[in-house]
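Structure record follows, encoded as structure tokens.
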Amino acid sequence: MKAAIYCRLSEEDRNKQSAADDSNSIQNQKAMLLQYAMERGWEVYNIYSDDDYTGSDRRHPEFNRLLRDAEAHRFDIILCKTQSRFTRELELVEKYIHGLFPIWGIRFISIVDNADTDNKGNKKSRQINGLVNEWYLEDMSENIRSVLTNRRVNGYHIGAFALYGYRKDPDQKGHLIIDEEAAKVVREVFILFSQGYGKSAIARMLNDRGIPNPTEYKRQQGLRYRQPGKKNSTLWKYFNISDMLTNEMYIGHMVQGKYGSISYKTKQNKPRPKELWYRVENTHEPIIERDLWDRVQKLIQEKAKPFSGGEIGLFAKKARCAYCGYTLSSGKSHGKHYLKCPCRSMAEDACMGSFISVDKLEKMVIDELRHLSDEYLDMDELEKKVEFCNTVEEQREKLQSDLAAFEKKVSEYSRGIRDLYLDKVKGIITEKDYVEMSGEFVSERERLSRLISDRQRELSELEGRMDGENYQNNRRKMLEQYTNMEHLNREMVEMLIDYISVGKRIPGTQRTPIEIHWNF
């Protein structure tokens, strides 16, 4: 007779000396079961040993290998210390011990609780054992759930991994501290979105610079992290940016319990209603300042759509029709963007229909800002009071870093095009595949080349301002850039303007009446 020995570590008797060693519990089980088999003259086919797995976890590898070998009838007997070491689930007791093992010709024995499938008289005791073990699992699950719920309610972080941008505090269990390297990326994502960049455009910008996404970043830190149900990737995607922009953890609030397990018998989770989440304010240091967070949430609620280039329209959701109050929609003609009332094409009595070009509206807003600046700001007094931040050097370092990353990517695309051509010559790929794949590479290379030109121009201008004594004497010029600006960006519009009421061009003139409602 051939016997298979199965051992499993139980949580209540864990006493390993190191993670690489079998626990004493496993060693004791092996010794007891080997002696039992030898006394009966059974040949030991194999020892299957699962360490660090609970009785409710069906994923333990040796348990599943044991079942495969049993089905193939590579042995005659399965030998365990107790029935609970094999499984604590009544469902699996019935499925295997009382169901499939007799069909496969496998005898099951657990020596401490005297379970033996060859003894027909103790089937009821085996079922009672299974029921008691099932109750134990359920009670243990409820106890653990109660403890974890209590910690969540009190604002302690529960989880194997910290949110991207944070790391676990080694000195205080359940507390998060900022991981500055990742936090810089988080801040940049929020700032870019507030400036009018779309989520896909931000993801592409991060990928262009070779910045690893949150999953890859954690792996690079030596953490065994993967997102369940999602294919691991090193690239940023739309959903990475979208999830980040709405996560209150970044303003210092602990939010947990978004997902809950279906049952203690499965590791599968399902989303929980928002009202059931555990939310505790001010539990850790925020990465994102509250005013930036509020601007971003307002943009998200307005659902402003980006143009094809990835940037949100300058006045998206900010311009309204003076006659019907509808938000103006954007359109494009001959390469120029326009804002028009969505009721413009309806019946004449529905609405007069506002219409204005984005360029014209931008100029009118800037003219009004200059007027306000001339009327209310004393430049001499302002120059004395303004303290310039020492961030110019940081700007230069960032531009230089971007340039290096973009140039590296261009080089990779060029090498990829060359390799594709060689594959085509060798007949590894077809002409059609070569044209399709190389076309994508060429397009990306050209886009990055344009970005390189933009960054080089910005760097040249910045270094010109930093040149020698000019850097010290440029205070007034730098102030004038902001009080006499030539162009707006989306961030400025968000900060300065509540909304703009736009009328229809006055017949016989080039004037379009507007009314600006400022945030100040």
Side-chain angles (χ1 to χ4, degrees), residues 191-202 242 245 291-292 294-377 481-520:
I191 290 169
L192 287 171
F193 189 81
S194 73
Q195 291 174 344
Y197 289 92
K199 297 167 188 174
S200 296
I202 295 172
S242 181
L245 291 171
D291 60 337
L292 175 57
D294 290 340
R295 291 204 307 274
V296 166
Q297 301 318 301
K298 186 178 178 184
L299 270 176
I300 292 171
Q301 289 171 7
E302 290 172 348
K303 297 181 179 177
K305 301 292 183 184
F307 296 134
S308 58
E311 289 192 44
I312 294 173
L314 187 60
F315 297 104
K317 302 295 181 180
K318 290 289 184 181
R320 303 176 185 174
C321 176
Y323 310 109
C324 66
Y326 274 88
T327 300
L328 302 189
S329 59
S330 62
K332 190 175 182 181
S333 177
H334 303 294
K336 297 190 72 175
H337 289 285
Y338 294 88
L339 296 169
K340 59 182 180 179
C341 177
C343 303
R344 181 182 172 85
S345 59
M346 297 181 183
E348 285 295 324
D349 58 351
C351 179
M352 294 176 64
S354 303
F355 183 89
I356 193 169
S357 74
V358 173
D359 290 344
K360 184 175 181 179
L361 182 57
E362 180 185 20
K363 184 178 184 306
M364 294 172 76
V365 172
I366 289 173
D367 287 344
E368 181 62 19
L369 278 171
R370 286 175 178 165
H371 171 71
L372 292 172
S373 172
D374 292 340
E375 186 169 352
Y376 295 108
L377 291 181
Q481 280 186 335
Y482 293 99
T483 53
N484 297 296
M485 63 187 72
E486 296 183 3
H487 292 287
L488 298 171
N489 60 38
R490 179 68 194 188
E491 187 178 22
M492 294 176 186
V493 172
E494 279 293 327
M495 291 178 63
L496 297 172
I497 297 171
D498 183 16
Y499 70 91
I500 304 173
S501 180
V502 181
K504 189 175 182 179
R505 183 172 62 85
I506 300 171
T509 73
Q510 294 298 314
R511 288 184 59 242
T512 301
I514 68 167
E515 187 176 289
I516 304 173
H517 295 255
W518 303 100
N519 281 328
F520 52 83

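The structure presented is a predicted model; accordingly, all values stated were derived computationally and were not measured.
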(message) To the closest 0.5 Å, what do you measure between CG (L192) and CD1 (I202)?
(response) 5.0 Å
(request) Could you tell me which non-hydrogen atom of E362 sits nearest to which non-hydrogen atom of H487, and how far apart they are? (result) OE2-CA, 3.3 Å
(message) Between I497 and W518, is there a side-chain heavy-atom distance shorter than 4.5 Å?
(response) yes
(message) Counting C-beta onward and ignoring hydrogens, is there a side-chain heavy-atom pair between L328 and F315 closer than 4.5 Å?
(response) no
(request) Could you check if a side-chain atom of D367 sits within less than 4.5 angstrom of a side-chain atom of K363, using non-hydrogen atoms only? (result) yes
(request) Answer whether the closest heavy-atom distance between the side chains of V365 and I500 falls below 4.5 Å. (result) yes
(message) Counting C-beta onward and ignoring hydrogens, is there a side-chain heavy-atom pair between I506 and P513 closer than 4.5 Å?
(response) yes
(message) If I compare all heavy atoms of A319 with all of L361, which pair ends up nearest, and what's the gap?
(response) CB-CD2, 4.5 Å
(request) Supply the atom-to-atom distance S329 OG to L339 CG, rounded to the nearest 0.5 angstrom. (result) 8.0 Å
(request) Using the test side chain to side chain donor-acceptor pair (under 3.5 Å), find all partners of E515 that sit at least two apart in sequence or belong to another chain. (result) H517
(message) Is the shortest side-chain heavy-atom distance between L314 and H337 below 4.5 Å?
(response) no
(request) Please round to the nearest 0.5 Å and tell me the distance separating atom NZ of K504 and atom NZ of K340. (result) 13.5 Å
(request) Check T512 against G503 and note the closest heavy-atom contact, atom names and distance. (result) CG2-O, 3.5 Å
(request) Answer whether the closest heavy-atom distance between the side chains of K199 and F193 falls below 4.5 Å. (result) yes
(message) If I compare all heavy atoms of C321 with all of S354, which pair ends up nearest, and what's the gap?
(response) SG-OG, 3.1 Å
(message) I need the minimum non-hydrogen distance between K336 and D359, along with the two atoms involved.
(response) CE-OD2, 3.6 Å
(request) Could you grab the distance from atom CZ of R295 to atom CG of L299, nearest 0.5 Å is fine? (result) 9.0 Å
(message) For the CD1 atom of I366 and the CG atom of L488, what is their distance to the nearest 0.5 Å?
(response) 4.0 Å
(request) Any chance you could measure M364, atom CE, to S357, atom OG, to the nearest 0.5 Å? (result) 9.5 Å
(message) Main chain of L245, side chain of Q297: is a donor-acceptor contact present, judged purely on distance under 3.5 Å?
(response) yes
